[in-house]
Amino acid sequence: MIIRYFAWIRERLNRDEQQLELPDNVKTVQDVLNHLRAIDEDFAFVLPPETVFRAALDDELVELDTPLGSAKELSIFPPMTGG
Amino acid sequence: MMGISVTIQAEIFDAGDLVNQFTRDMPEAGAVATFTGLVRSKPEQPIKALILEHHPTMAQKQIERFAQEAVDKFDLLAIQVVHRFGEMKVGEPIVQVMAASSHRQAAFDGANYVMDWLKTDAPFWKKEVGADGAHWVEARDKDEAAKNKWTK
């Protein structure tokens, strides 16, 4: 799966995106975040569990308990401030 | 123009030119409501520029969705949204929503509906560049409340 980052999350992680092989027990958006926190110190530091952020699977806004299904891309970003 | 048009671009636009083009060849339209969002600078915290980051594919889909919902909900004749990204100066336009309908209330409501949803659910992020550096703008609870007044 491709994980994409935006705005201050992208800046603080110092990466736009990454390719990630997911173990079988990673089934929801929340599972991906927990997995990344476990394997990546920078990620755990920048996005601790209390962080307010939003997520999208293949361009659709989703809740954190949403199953990944066949999605190819997960985007992680702060609350939006357009307009 | 009839139907729905959504454009996401870096280039500056002329607010008046856009609305004149929009209303051309629309004989049934009795009303057009136009909202233009501008880059603003507060006297107590002046900024030099605004940088807008976005998620291109998702932004296009989300705004098209809100525009379609507005057309269906308020029976609009047409709606057009232009949203910019990248760096812009104080006073420049960021976004413009134009809604056309037979009568005024639907046009007002249509433009308002799209803006309320766009503020909280379209993937754009503002970064203000001031004398003391750049910082990301935080989302406002007020915007979330404004969106929640609409029932889908």
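Per chain, numbering begins at 1; letters A, B, ... match sequence-line order. What you see below is based on every heavy atom in this structure, not just the backbone, and it leaves out hydrogens, waters and symmetry mates.
Residue-environment remark: CZ (F108(B)) stays at or below the threshold of 12 foreign heavy atoms within 6.0 Å.
Residues M80(A) and V39(B) do not share a hydrophobic cluster, defined by chaining ILVMFWY side chains whose heavy atoms lie under 4.5 Å apart. V137(B) and F85(B) end up in different hydrophobic clusters when Ile, Leu, Val, Met, Phe, Trp and Tyr side chains are linked at under 4.5 Å. Using a 4.5 Å cut-off between side-chain heavy atoms of Ile, Leu, Val, Met, Phe, Trp and Tyr, with links allowed through other members, I47(B) and V129(B) fall into different hydrophobic clusters. At a threshold of 4.5 Å between side-chain heavy atoms, the hydrophobic network of Ile, Leu, Val, Met, Phe, Trp and Tyr places F77(A) and L50(B) in two separate groups.
Rounding to the nearest 0.5 angstrom, the gap separating the CZ atom in F6(A) from the CE atom in M58(B) is 8.5 Å.
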Listing needed: what donor-acceptor pairs below 3.5 Å join chain B with chain A?
residue, atom, partner, partner atom, Å
E53(B), OE1, R10(A), NE, 3.3
E53(B), OE1, R10(A), NH2, 2.4
E53(B), OE2, A7(A), N, 2.8
E53(B), OE2, R10(A), NE, 3.0
H55(B), NE2, S75(A), OG, 3.0
T57(B), OG1, D59(A), OD1, 3.0
T57(B), OG1, D59(A), OD2, 3.0
K61(B), NZ, D59(A), OD2, 3.0
R65(B), NH1, E60(A), OE1, 3.3
R65(B), NH2, E60(A), OE1, 2.9
R65(B), NH2, E60(A), OE2, 2.8
H83(B), NE2, G83(A), N, 3.1
K119(B), NZ, G82(A), O, 3.2
T120(B), O, R54(A), NH1, 3.2
F124(B), O, T81(A), N, 2.8
F124(B), O, G82(A), N, 3.4
W125(B), NE1, P78(A), O, 2.9
K126(B), N, T81(A), OG1, 2.9
K126(B), NZ, T81(A), O, 3.3
K126(B), NZ, G82(A), O, 3.4
K126(B), NZ, G83(A), O, 2.8
K127(B), NZ, E11(A), OE2, 2.4
W136(B), NE1, E11(A), OE1, 2.9

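Every residue two or more places apart in sequence or in another chain that forms a side chain to side chain contact (heavy atoms under 4.5 Å, CB included) with A106(B) is listed here: F74(B), L76(B), S101(B).
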